[in-house]
Trainee: 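Before I ask anything, let me first share the structure, which is written out below as structure tokens.
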Amino acid sequence: MSVLWLDYETRSECNLPVKGSYNYSQHPSTQMICAAYAFDDEDVQLWWSHEPVPKRLADYFKSGGQIRCHNAGFDRLITWYVVCPDYELAEPALDRWCCTAAQARANCAPGSLEDVGRFSGAQMRKDHRGAQLIRLLCIPRPDGTFNEDPVLMQEFGEYAMQDVRAMRAISKAMRPLSELELQDYHVNERINDRGVLVDVPLCRAAIQYASDEVEDIQAVVTEVTEGAITSVRSPKMREWVLERVGPQAKELMRVGDKYSIDKAVRANLILMENADEIPPAVAEVIQCADDLWASSVAKFSRLADLADVEDQRVRGAFVFAGGSATGRASSYGAQVHNFTRKCADEPDAVRNAMVRGHSIVPKYGKRVTDVLKGMLRPALVPAKGHSLVVADWAAIEARANPWLSGVGDAKLDLFRTGADVYKVNAAATFGVSVASVDKDQRQIGKVQELACGFAGGVGAFAAMGRAYGVLLPESDARRMVDGWRRANPWAPTYWQSLESAYLRAMRNKNREFKAGRVTYLYDGVHLWYSLPSGRVLCYPFAKFDAEGNVTYAKAAWKPAADAKEWPRARLWKGLSCENITQAAANDLLRHSLREFDQAGLGTVLHVHDEVVIETDKPEEVSEIMQKIMCTPPAWAEGLPLDIEVQTMTRYGK
């Protein structure tokens, strides 16, 4: 099959980072400056906007093969909404497009063309001059005109051609996307194209409430600190808090050899509710900081900016294989994967009060920011006459983990029979019968399940416990960890088999070693692992360090500009177990999304273990989702699955 390598340079009055690629591509001022392209391994060509369309390019658009671009979603939209209408060209169908950024992420490398070049050490790397040229030529000047400097334009054309060379060289050096991965990418793009409807008036009202709240918060902080701090964004705040809290609170603020007042620290300090450790005035300042830094406020603004001016839908939210270690999708723009789980009890009533400018505290919450957090999910709604059907797998990771081990049948039987696994954990820990486990003990059993499944120890239990209001001394936390392992004897055996398999693979190049249902292979450069679905992932550029640990280049960690080597992380049995479990759970999601796509169902959102479909036939769709999501694919035979399904008029939890 022939391949067209393609890269556009464009300009517009529309602000791309703010408005997103869908609004940008459809803005009337958006124009192509030039297109750099190459067929297969031929030399790169350049087509300027003022020139006639190259006949070979026009013919290929009409009836050619695959089109490969880096971040192909953007180039596809520019083709559909700018190039094809302006030059009367045939519109290449979605399934002809292939994204080399998605290919990089599927190979556990960074998605950025600049970063993947540095990551892989390829000879062809993205030209840093490009960012400067984009600022000079693609963004209008203050008077609204564009820079037409011929020297800069010539340089810009060379830059575009170099991007195509870099993209092609890097893509050819990587494992190509499998047919199934490419199909999943196209499913992801159809979900992006469909978009999700946003309640824009609600978002605008939330932005106004947040703006008013900022002034009140700053005033409270100034008063409580007697003028020592006039803004919680001040670096002085951390020191002010540190000087006034007790030793336990100080320990919670410690991150490595420094002290922090970040989101996780603030949450832990607020949960302490100990006046000896955190005096009331200090607690109020910490709460004010948490309110002011609430990410939900920024998300409302982002949703409003990204919403299409005609139909108020936000499109392009999902990045295929954005989680490079597992292949899970990530979010762009709307950032739906980071939405708070908190939801208002009466979202319609709160919404009506907000858009009318009525008081929302204390009727709907103690603080404005609390109310806003609870309205973020409900800002996503179905079209008129439709509903959102929301289905999520029950305890998917807790089920997938023992199934992947190949020796966890006893744990799987608990799920098959409907037993309460949290009570089973607690019973083994406290030495009581399952029937006599009380509410507090069951909560500990839940924390055990969430914290210990990936070889988590005392630290993991303590961190998860704080999130669920379970605060125990270290000695008791150790007892909880040991209790979970007694209730789940399959787990330590599995963790050890994983470690043994990847270590043996590292020492025996090109030989396969199995652990449970996963196979490892080291090819001399990357440590690969194959999932039961057949999908493969890797730990890139794996090697032993001086202490005999396996380390690898971690795609998510971006190095400094002058760094000589990409940052490396250590592989250990708990991490390998977590990666495998989350990757396998993602394979279940991909399978279901494909099935929904083939059935013509309108998926608008998906978040790890949850799928949201917009429909005017909610009962029928609920039954279809139940059947598809609870029927494991052939490769997952024996994995017990269950889902919870709700029909909503606003997205919730």
Trainee: Can you tell me if R194 has over 12 outside heavy atoms packed within less than 6.0 Å of its CZ?
Mentor: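 Buried by this count: over 12 neighbours within 6.0 Å.
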Trainee: Using 4.0 Å as the upper bound for N to carboxylate O, is an ion pair formed by R313 and E614?
Mentor: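 Looking at R313 together with E614, the answer is yes, because their closest N to O distance falls below 4.0 Å.
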Trainee: So, does D40 use its side chain to make a donor-acceptor pair with the main chain of V3 at under 3.5 Å?
Mentor: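 Yes; at least one donor-acceptor contact below 3.5 Å.
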Trainee: Measure up the F74 and Y24 rings against each other and bin them: parallel (under 30°), tilted (30 to 60°), perpendicular (over 60°).
Mentor: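 Ring orientation, 0 to 90° scale: tilted.
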Trainee: For the pair Q626 and E623, evaluate side-chain hydrogen bond (donor to acceptor under 3.5 Å, both in side chains) and give the outcome as yes or no after the intermediate values.
Mentor: CA-CA 5 Å; Q626 184 81 35; E623 293 179 4; over 6 Å; no
Trainee: Picking from Y552, Y502, Y539, what satisfies ring-ring contact (aromatic ring centres under 6.0 Å, His included) with Y529?
Mentor: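 Of the listed residues Y552, Y502, Y539, the ring-ring contact (aromatic ring centres under 6.0 Å, His included) partner of Y529 is Y539.
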Trainee: Could you state the interatomic distance from CD1 (I170) to CG (N107), rounded to the nearest 0.5 Å?
Mentor: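 Result: 12.0 Å between the selected atoms.
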Trainee: So, the side chain of S576 versus the backbone of K573: is there a donor-acceptor pair under 3.5 Å, distance only?
Mentor: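 Pair found, side chain donor or acceptor close to backbone of K573.
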Trainee: Does T615 use its side chain to pair, donor to acceptor, with the backbone of V621 at less than 3.5 Å?
Mentor: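 Looks like no, no N/O pair under 3.5 Å.
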Trainee: So does E42 have more than 12 non-hydrogen atoms from other groups sitting under 6.0 Å from CD?
Mentor: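 Yes, CD of E42 has more than 12 neighbouring heavy atoms, counting only those of other groups under 6.0 Å.
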Trainee: With Y22, which of L306, N192, V314 fulfils side chain to side chain contact (heavy atoms under 4.5 Å, CB included)?
Mentor: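 By the side chain to side chain contact (heavy atoms under 4.5 Å, CB included) criterion, Y22 pairs with just one of L306, N192, V314: N192.
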Trainee: Kindly give the heavy-atom pair with the smallest separation between L593 and V187, and that separation in Å.
Mentor: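 What the structure gives for the nearest pair is O-CG1, 3.9 Å.
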Trainee: Are any side-chain N or O atoms of W403 and backbone N or O atoms of E637, one a donor and one an acceptor, separated by less than 3.5 Å?
Mentor: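 Confirmed, W403 side chain pairs with E637 backbone.
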Trainee: Is there side-chain contact between T551 and F541, with heavy atoms separated by less than 4.5 Å?
Mentor: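 Side chain of T551 against side chain of F541, heavy atoms only: no contact under 4.5 Å found.
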Trainee: How long is the gap from CZ on R399 to CG on D609, to the nearest 0.5 Å?
Mentor: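 R399 CZ to D609 CG: 11.5 Å, rounded to 0.5 Å.
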Trainee: Count the heavy atoms belonging to other residues, nucleotides or ligands that lie under 6.0 Å from CD of E179, then report whether that count exceeds 12.
Mentor: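 No, not enclosed.
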Trainee: Report the C-alpha distance between K653 and E610 in whole Å, list the side-chain angles of each, state the deciding distance to 0.1 Å, and finish with yes or no for salt bridge (charged side-chain N to carboxylate O under 4.0 Å, His left out).
Mentor: CA-CA 10 Å; K653 195 63 184 176; E610 179 180 78; 3.2 Å; yes
Trainee: So, taking the atom named CG in L639 and the one named SG in C630, what distance separates them when rounded to the nearest 0.5 Å?
Mentor: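 Answer for the CG-SG pair, L639 versus C630, is 10.5 Å.
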Trainee: Ignoring hydrogens, what is the shortest heavy-atom contact between H606 and A329? Give both atom names and the distance.
Mentor: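 Heavy atoms only, the tightest pair is CE1-CB, 3.7 Å.
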Trainee: Rounded to the nearest 0.5 Å, what separation is found between the OG1 atom of T603 and the CD1 atom of I613?
Mentor: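 Rounded to the nearest 0.5 Å, the OG1-CD1 separation comes out at 4.0 Å.
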Trainee: Would you confirm whether the ring centroid of Y37 sits within less than 6.0 angstrom of the ring centroid of Y60?
Mentor: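 Centroid distance Y60-Y37: not below 6.0 Å, so no.
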Trainee: Ignoring hydrogens and angles, tell me if any N or O in the side chain of R96 forms a donor-acceptor pair with the backbone of R68 under 3.5 Å.
Mentor: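 The answer is no, because no donor-acceptor pair under 3.5 Å joins these two groups.
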Trainee: For M480, is there any backbone N or O sitting under 3.5 Å from a side-chain donor or acceptor partner on Q448?
Mentor: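 The answer is yes, because a donor-acceptor pair under 3.5 Å joins these two groups.
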Trainee: Out of curiosity, H70 NE2 to C98 SG, how far, rounded to the nearest 0.5 Å?
Mentor: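 If we round to the nearest 0.5 Å, H70:NE2 and C98:SG are 11.5 Å apart.
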Trainee: Would D523 and K509 satisfy salt bridge (charged side-chain N to carboxylate O under 4.0 Å, His left out), going step by step from the backbone distance to the final call?
Mentor: CA-CA 6 Å; D523 64 6; K509 180 179 173 181; over 6 Å; no
Trainee: Could you verify whether a donor N or O on one side chain and an acceptor N or O on the other, from Q103 and S171, lie under 3.5 Å apart?
Mentor: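 Short answer, yes.
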Trainee: With a 4.0 Å cut-off, would you call E181 and R175 a salt bridge?
Mentor: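 Yes, this pair counts.
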Trainee: Apply salt bridge (charged side-chain N to carboxylate O under 4.0 Å, His left out) to R570 and D545, showing your working.
Mentor: CA-CA 9 Å; R570 180 176 70 88; D545 64 12; over 6 Å; no
Trainee: What closest approach, in Å, do A455 and G574 show between heavy atoms, and which atom pair accounts for it?
Mentor: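 Looking at all heavy atoms of both residues, the closest pair is CB-CA, 3.8 Å.
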Trainee: Check the angle between the aromatic planes of H526 and W528 and answer parallel, tilted or perpendicular using the 30° and 60° thresholds.
Mentor: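 H526 vs W528 ring planes: perpendicular.
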Trainee: If we ignore hydrogens and angles and just use 3.5 Å, is the side chain of W484 paired with the main-chain N or O of V447 as donor and acceptor?
Mentor: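 It does not hold such a pair.
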Trainee: Under a 4.0 Å threshold between the charged nitrogen and the carboxylate oxygen, would D413 count as salt-bridged to R416?
Mentor: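 Yes, R416 and D413 are salt-bridged.
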Trainee: Give a yes or no on whether a salt bridge exists between D41 and R168, defined as a side-chain N under 4.0 angstrom from a carboxylate O.
Mentor: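 Salt bridge between D41 and R168, a charged N being under 4.0 Å from a carboxylate O: no.
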Trainee: Counting N and O atoms only, with roles assigned by atom type, does the side chain of S497 sit under 3.5 Å from a partner on the main chain of Y494, one being a donor and the other an acceptor?
Mentor: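 It does hold such a pair.
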Trainee: Between F320 and R105, is there a cation-pi geometry (under 6.0 Å to ring centre, at most 45° from the normal)?
Mentor: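 Ring-cation test returns no.
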Trainee: So how far is it from L77 CG to R315 CZ, rounded to the nearest 0.5 Å?
Mentor: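 These two atoms lie 10.0 Å from each other.
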Trainee: Above 12 or not: heavy atoms from other molecules or residues under 6.0 Å from NZ of K617?
Mentor: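 Incorrect, the count does not exceed 12.
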Trainee: Output yes when a side-chain donor or acceptor of S112 lies under 3.5 Å from a complementary backbone atom of D115, and no otherwise.
Mentor: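 Confirmed, S112 side chain pairs with D115 backbone.
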Trainee: Pairing donors with acceptors under 3.5 angstrom, does anything connect the side chains of E449 and N425?
Mentor: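 Yes, because at least one side-chain N or O of E449 sits under 3.5 Å from a partner of the opposite role on N425.
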Trainee: Applying the side chain to side chain contact (heavy atoms under 4.5 Å, CB included) test to W5, which of T100, I67, V44 qualifies?
Mentor: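 That would be T100.
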Trainee: If we ignore hydrogens and angles and just use 3.5 Å, is the side chain of D95 paired with the main-chain N or O of H186 as donor and acceptor?
Mentor: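 Not at all, since once roles are kept as given, no pair shorter than 3.5 Å links the two residues.
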Trainee: For S533 and D587, work out which heavy atoms get closest and say how close.
Mentor: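 Closest pair (atom of S533, atom of D587, distance): OG-OD2, 2.7 Å.
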Trainee: Does the pair K543/E565 count as a salt bridge with the N-to-O cut at 4.0 Å?
Mentor: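 Salt bridge present between K543 and E565.
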Trainee: Nearest heavy-atom pair of L605 and F318: which atoms, and what distance?
Mentor: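 Where L605 meets F318 most closely, the heavy atoms are CA-CZ, 3.7 Å.
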Trainee: Give a yes or no on whether N510 atom CG has more than 12 heavy-atom contacts from other residues, nucleotides or ligands under 6.0 Å away.
Mentor: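 Atom CG in N510 is packed in, count exceeds 12.
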